[in-house]
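Throughout, protein chains are lettered first and strands after them, A, B, ... in sequence-line order, and every chain is numbered starting at 1.
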Number of protein chains: 2
Amino acid sequence: MLAAAGELLVEKGEAGISLREVARRAGVSHNAPYRHFPDRDSLLAALAAEGFDELSERSRQADELAGLGQCYVAFALEQPGRFALMFSPGLDKSRHPELQAAALQLFDLLREAVRQAAPKRDVQIATLAAWSLVHGLSQLLLDRQLSETLLGEQPADALSEQVTRLFTEGLG
Amino acid sequence: MLAAAGELLVEKGEAGISLREVARRAGVSHNAPYRHFPDRDSLLAALAAEGFDELSERSRQADELAGLGQCYVAFALEQPGRFALMFSPGLDKSRHPELQAAALQLFDLLREAVRQAAPKRDVQIATLAAWSLVHGLSQLLLDRQLSETLLGEQPADALSEQVTRLFTEGLG
DNA sequence: CTTTTATGTTGACAACGACAACATTATGCC
DNA sequence: GGCATAATGTTGTCGTTGTCAACATAAAAG
């Protein structure tokens, strides 16, 4: 189920995921998914949680704060549909505890990296700022219409590097 | 139509907007909306464009860069549904030129404010960073599950003030 | 006054999420 | 082995939705 839904997510985005099409791709009847997920939102939540887990896994392999930021932006650009789903306002994290847990795990990682990079700063504020920066940057880069007109032709990873450097310089 | 859709947006969010319910609230038949919008996405695009226009209007009344950032975050918190819609990944801005224009107008405003606040910086990078910061901050604050656990009890506007100040200090 | 245009209506269709009832398979226990 | 229980899959159905087509009406233009 999750594999089929993942394909759909890549092909058509969040709105293109229907339980019936998932079932069709999995080669089962139109109601089989209900034996694994109580409703459509729960399937989406599981997909989103997968995303948080994968991003956490990748983040663990980045050593410093700047690398973690690059990691974040790179993930968003590689898997735009998954990224959008992870922060979809329609998905109420409070009703899907395993999704909430997966998200918090990622943010704990980020907080630790910030703590190590800027021990003198208020960790709360600095973490908030760091996350805001990489998350907002990802969103802007994904919004291709805006990025093309607003930000010339530079490749995305160059931009993300410059922005994150501007930030880490400001911290020190 | 737009008024009825706006109500629905506030009450149930983007996913809760159906053309038929909009028609119902407007007191017309289920297909009347198609005389004004070719499809559902076009109605959403018009709603989103309204949001960009309103935010641009407000931003014009803020004088300095920091105030503009506060303005952005405040708007997102006041009208979460509208804000989410404005940046909904499902809405292809390239297929709705008036939406794209409304969005670009807002970003031009931001760029001018950045140019004035930090004349020595690379305007492109600084604007990108500034937008990323306020946008990401808005998203994090809207994601209540994350904000409650990650950021203690501080009121949102206090957080946004501290974060924007951290950023403007870093610029100078 | 007539023609065109804007707007609204009715009816239909396929797809969807969700529910209920039933069938099948697997698993654990004796 | 054999049987009970849970897990999983299926068929059928309902209400809702987006969208299309055909038709009706009102407003505006000539």
Side-chain angles (χ1 to χ4, degrees), chain A residues 1-51 81-82 84-100, chain B residues 1-51 81-82 84-100:
Chain A
M1 293 298 177
L2 286 174
E7 283 180 24
L8 270 173
L9 183 58
V10 171
E11 290 175 27
K12 308 190 201 172
E14 172 181 358
I17 301 179
S18 82
L19 290 184
R20 291 171 105 106
E21 179 67 23
V22 166
R24 231 167 273 138
R25 300 210 176 190
V28 291
S29 75
H30 71 217
N31 255 5
Y34 283 91
R35 298 294 141 181
H36 305 272
F37 306 96
D39 53 24
R40 182 175 178 270
D41 273 8
S42 297
L43 169 62
L44 296 185
L47 269 182
E50 277 187 352
R82 181 86 63 163
L85 180 61
M86 288 158 63
F87 298 98
S88 169
L91 259 190
D92 186 355
K93 292 196 175 64
S94 71
R95 297 209 311 217
H96 302 281
E98 93 287 355
L99 171 57
Q100 192 172 0
Chain B
M1 293 298 178
L2 287 173
E7 283 180 23
L8 271 173
L9 183 58
V10 171
E11 291 175 26
K12 309 190 201 173
E14 172 181 358
I17 301 181
S18 85
L19 290 185
R20 294 172 104 105
E21 179 67 21
V22 166
R24 233 167 272 139
R25 299 209 176 190
V28 291
S29 76
H30 71 224
N31 257 2
Y34 281 90
R35 299 294 141 181
H36 305 272
F37 307 95
D39 55 23
R40 181 174 180 271
D41 274 7
S42 298
L43 170 62
L44 297 185
L47 269 182
E50 277 187 353
R82 182 86 62 162
L85 179 61
M86 289 159 61
F87 298 98
S88 169
L91 259 190
D92 186 355
K93 292 197 175 62
S94 71
R95 298 209 312 218
H96 303 280
E98 94 286 352
L99 171 57
Q100 193 173 358

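- Side chain of A:Arg35, nearest nucleotide from C:dG8, D:dT19, D:dT10: D:dT10.
- Rounded to whole Å, atom C1' of C:dA18 lies 13 Å from atom CG of A:Asp41.
- Spacing between atom CG of A:Leu43 and atom C1' of C:dA18 amounts to 14 Å, rounded to whole angstrom units.
- Sorted by residue number, the list of members of residues 1-16 of chain B with any non-hydrogen atom under 4.0 Å from DNA chain C is empty.
- One finds no side-chain N or O of B:Tyr34 lying less than 4.0 angstrom from the OP1 or OP2 phosphate oxygen of D:dG18.
- Looking at B:Glu11 and B:Arg25, a side-chain N of the basic residue comes within less than 4.0 Å of a carboxylate O on the acidic one, giving a salt bridge.
- Using a 4.5 Å heavy-atom threshold, the side chains of A:Tyr34 and A:Leu19 count as touching.
- In this structure, A:Phe37 atom CZ and D:dG9 atom C1' are separated by 15 Å, rounded to whole Å.
- Of the residues in residues 21-30 of chain A, those lying under 4.0 Å from DNA chain D by heavy-atom distance are A:Val28, A:Ser29, A:His30.
- In this structure, B:Arg35 has no salt bridge (Lys or Arg N to Asp or Glu O under 4.0 Å) partners at least two apart in sequence or on a different chain.
- Every residue two or more places apart in sequence or in another chain was checked for a salt bridge (Lys or Arg N to Asp or Glu O under 4.0 Å) with B:Glu98, and none qualifies.
- The backbone N or O of B:Asp41 lies less than 3.5 Å from no partner atom in the side chain of B:Arg95, so there is not a single donor-acceptor pair.
- Residues A:Glu14 and A:Ser88 have side chains in contact (heavy-atom distance under 4.5 Å, counting atoms from C-beta outward).
- Annotation: side chain to side chain contact (heavy atoms under 4.5 Å, CB included) contacts of A:Glu50 (sequence neighbours excluded): A:Leu2, A:Leu47, A:Arg82.
- The shortest distance between the side-chain N/O atoms of A:Arg20 and the OP1/OP2 oxygens of C:dA15 is not below 4.0 Å.
- Separation of atoms NE2 (B:His36) and CG (B:Leu43) is listed at 11.0 Å; rounding is to 0.5 Å.
- For A:Arg24, the salt bridge (Lys or Arg N to Asp or Glu O under 4.0 Å) partners are A:Glu21, not counting sequence neighbours.
- Side chain of A:Leu19, nearest nucleotide from C:dG17, D:dG18, D:dT8: C:dG17.
- Computed from coordinates, the A:Asp39 CG to C:dC16 C1' distance equals 14 Å when rounded to whole Å.
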